[in-house]
Amino acid sequence: MQPRGLFITVEGGEGVGKSTNIAYVEQFLADNGVDLVVTREPGGTALAEDIRGLLLAVREETVCELTELLLIFAARAQHIEEIIEPSLAAGKWVVCDRFTDATYAYQSGGRGMSAQLVRQLEGLVQGEVRPDYTLLLDAPVDIGMARAKSRAELDRFEQEQQDFFQRVRETYLRLARESRGRYRLIDASLPLENVQASVLIVCQELLACWDARRGLS
Ligand code: Z5A
């Protein structure tokens with residue numbers, strides 16, 4: 001029987017290098033014969049990308065926290081149904097740039113919303129779908145912000161203040177401590193070649209896990 005694919009998420013604060021390192025992971029895994037889907041949240045389907053646009057747009061109207069949270073889970077429901085679950089069931093790996101840990105970090109940690117509410121929506125929307133492994137790219141907030149600000153315009157989240165991103169970072173680090181089996185913590189403040197050397201070690205571990213899942217080791 002076809003084993004279920006691995007579900008890998010990549011998390012971290014603003015500008016820590018998720019996109020850069022996901023491209024590296026994608027190349028390495030493809031070179032090693034892994035059939036994978038690379039996707040992102042919010043987004044990953046046409047409808048969910050439209051919702052992403054709503055979430056990131058800077059607007060005069062204040063977006064209430066519950067609206068933001070529900071939009072994130074609405075996009076996630078579509079993404080799971082259309083992309084994540086069918087891919088995993090077909091034995092493909094899914095590498096996702098952010099997932100529900102981002103909701104704990106940003107909406108609960110950053111905005112101060114109830115973690116219990118996030119947990120309830122997680123259960124409702126995701127059923128049994130949870131990441132197998134999570135790479136947390138961690139760097140001090142000022143380093144990530146400096147990298148992100150080298151880009152053109154700031155989106156609605158990027159306009160938050162330093163203390164918001166500090167709470168996001170602390171929440172991620174707490175999640176990593178609480179779920180050591182799933183998390184791989186990577187120091188993303190180092191030069192890119194050092195970060196990629198750490199990412200490579202994790203990728204090799206994932207390949208070994210995949211071999212075991214397929215009964216090849
Ligand atoms: N959000 C949420 O609130 N709740 C949720 O549940 C979810 C999301 C799922 C959009 O996400 C927003 O959605 C996000 C949280 C919210 N907002 N914020 N902040 P996003 O995926 O677009 O997040 P982002 O943090 O804005 O992504 P990003 O800015 O594109 O960053 P990145 O992908 O981590 O970084 P990068 O583009 O790979 O690298 C940034 C620059 O740094 C680039 O020029 C690289 O060449 C450079 N770089 C990368 N690594 C290094 C190293 N090691 N050294 C030097 N320079 C480097």
Side-chain angles (χ1 to χ4, degrees), residues 9-27 38-45 48-49 51-58 63-80 83-84 95-113 115 117-119 121-122 125-126 129 131 134-169 171-172 175 186-200:
T9 56
V10 180
E11 298 279 2
E14 192 199 12
V16 290
K18 294 179 302 301
S19 312
T20 308
N21 285 286
I22 285 173
Y24 180 72
V25 167
E26 180 176 16
Q27 184 68 56
V38 175
T39 185
R40 69 174 182 180
E41 289 217 347
T45 79
E49 289 289 332
I51 297 174
R52 177 187 177 93
L54 293 175
L55 281 161
L56 267 55
V58 177
V63 178
C64 87
E65 292 175 353
L66 188 58
T67 303
E68 179 178 283
L69 181 67
L70 294 173
L71 282 172
I72 287 168
F73 271 105
R76 185 161 295 143
Q78 186 71 24
H79 192 204
I80 290 172
I83 303 288
I84 297 176
V95 177
C96 192
D97 186 341
R98 298 193 184 280
F99 194 61
T100 307
D101 291 335
T103 318
Y104 284 105
Y106 282 81
Q107 279 61 51
S108 180
R111 302 244 187 265
M113 296 190 79
L117 177 58
V118 176
R119 214 166 289 118
L121 290 168
E122 181 180 35
V125 168
Q126 296 174 216
V129 175
T134 298
L135 277 68
L136 175 58
L137 298 171
D138 175 65
V141 169
D142 51 347
I143 292 183
M145 285 177 92
R147 289 181 191 163
K149 279 185 177 145
S150 62
R151 283 186 309 234
E153 287 186 4
L154 300 183
D155 65 36
R156 198 171 58 82
F157 289 95
E158 289 167 345
Q159 295 191 346
E160 290 292 340
Q161 300 303 309
Q162 176 123 3
D163 56 344
F164 174 89
F165 292 110
Q166 191 58 42
R167 292 194 297 278
V168 168
R169 183 185 185 206
T171 307
Y172 272 131
L175 292 171
I186 289 168
D187 183 352
S189 68
L190 298 173
L192 187 56
E193 64 206 58
N194 299 60
V195 176
Q196 288 180 336
S198 302
V199 169
L200 183 64

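As a basis for the values below, the full set of heavy atoms in this structure was taken, side chains included, without hydrogen atoms, waters or symmetry mates. Counting starts at 1 for both ligands and their atoms, in listed order. Keep in mind that what you see is a predicted model, and the values were worked out from it rather than measured.
Side chain of S108 to backbone of M113: a donor-acceptor contact under 3.5 angstrom is found. With hydrogens and angles ignored, the 3.5 Å screen pairs no side-chain donor or acceptor of E11 with any backbone N or O of L137. Of the possible donor and acceptor atoms, one in the side chain of R98 sits under 3.5 Å from a partner among the backbone N and O of G12. Panel note: side chain R52, backbone P42; a donor-acceptor pair is recorded below 3.5 Å.
Here the options are E41, Q126, E122, the test is side chain to side chain donor-acceptor pair (under 3.5 Å), and the partner is R76; only E41 passes.
In plain terms, the two heavy atoms of L55 and F157 that are nearest each other are O-CE1, 3.8 Å. Taking every heavy atom of both residues into account, R156 and V58 meet most closely at N-CG2, 3.8 Å. Here the closest non-hydrogen pair linking A188 and A139 is C-CB, 4.0 Å. Summarising the geometry of A148 relative to G15, their closest heavy-atom pair is CB-CA, 4.1 Å, with the distance given to 0.1 Å. In terms of heavy-atom proximity, I72 sits nearest to T103 at CG2-OG1, 3.9 Å.
Here the protein heavy atom with the shortest distance to atom 32 (P) of ligand 1 is K18 N, 3.3 Å. Nearest protein neighbour of atom 33 (O) of ligand 1, counting heavy atoms only, is S19 OG, 2.6 Å. Closest to atom 7 (C) of ligand 1, if we only count protein heavy atoms, is A102 CB, 3.6 Å. In this structure, atom 31 (O) of ligand 1 lies nearest to the protein heavy atom G15 N, 3.3 Å. The nearest heavy-atom contact from the protein to atom 12 (C) of ligand 1 is F157 CD1, 3.8 Å. The protein heavy atom nearest to atom 30 (O) of ligand 1 is R151 NH1, 3.1 Å.
Near P191, the atoms of ligand 1 lying under 4.0 angstrom from a non-hydrogen atom of the residue are 53 (N). Less than 4.0 angstrom separates some heavy atom of V16 from each of these atoms of ligand 1: 34 (O). Atoms of ligand 1 lying under 4.0 Å from at least one heavy atom of T20, given by number and element, are 36 (P), 38 (O), 39 (O), 45 (C), 49 (C). Taking every non-hydrogen atom of Q107 and a distance limit under 4.0 Å, the qualifying atoms of ligand 1 come out as 2 (C), 3 (O), 4 (N), 5 (C), 6 (O). Those atoms of ligand 1 with a heavy atom of E158 less than 4.0 angstrom away are 26 (O), 29 (O). Ligand-side atoms of ligand 1 in range of E41: 9 (C), range being under 4.0 angstrom from any heavy atom. Of all atoms in ligand 1, listed by their number and element, those nearer than 4.0 Å to a heavy atom of T103 are 5 (C), 6 (O). Heavy-atom proximity to L190, at under 4.0 Å, picks out these atoms of ligand 1: 52 (C), 53 (N), 54 (N).
For the pair I84 and F99, the minimum side-chain heavy-atom distance is below 4.5 Å. Within the 4.5 Å cutoff, the side chain of T134 has no heavy atoms near those of the Y172 side chain. Within the 4.5 Å cutoff, the side chain of Q107 has no heavy atoms near those of the F73 side chain.
Residue G17 has at least one N or O atom closer than 3.5 Å to an N or O atom of ligand 1.
Not a single heavy atom of G12 sits less than 4.0 Å from an atom of ligand 1. Distances shorter than 4.0 angstrom do not occur between any heavy atom of L55 and any atom of ligand 1. By the 4.0 Å heavy-atom criterion, R76 is counted among the residues contacting ligand 1. At a 4.0 Å cut-off, not a single heavy atom of E160 sits close enough to ligand 1 to count as contact.
Here CD of E14 is found 5.5 Å from CE of M145. Values are rounded to the nearest 0.5 Å.
If you check each of R147, M145, H79, R156 against atom 47 (C) of ligand 1, the one with the closest non-hydrogen atom is R147. Atom 22 (O) of ligand 1 has its nearest heavy-atom neighbour, among R40, E193, R52, in R52. Remark: among candidates R98, E11, E14, E68, the nearest residue to atom 21 (O) of ligand 1 is R98, based on non-hydrogen atoms.
In this structure, atom 43 (C) of ligand 1 has no protein heavy-atom contact shorter than 4.0 Å.
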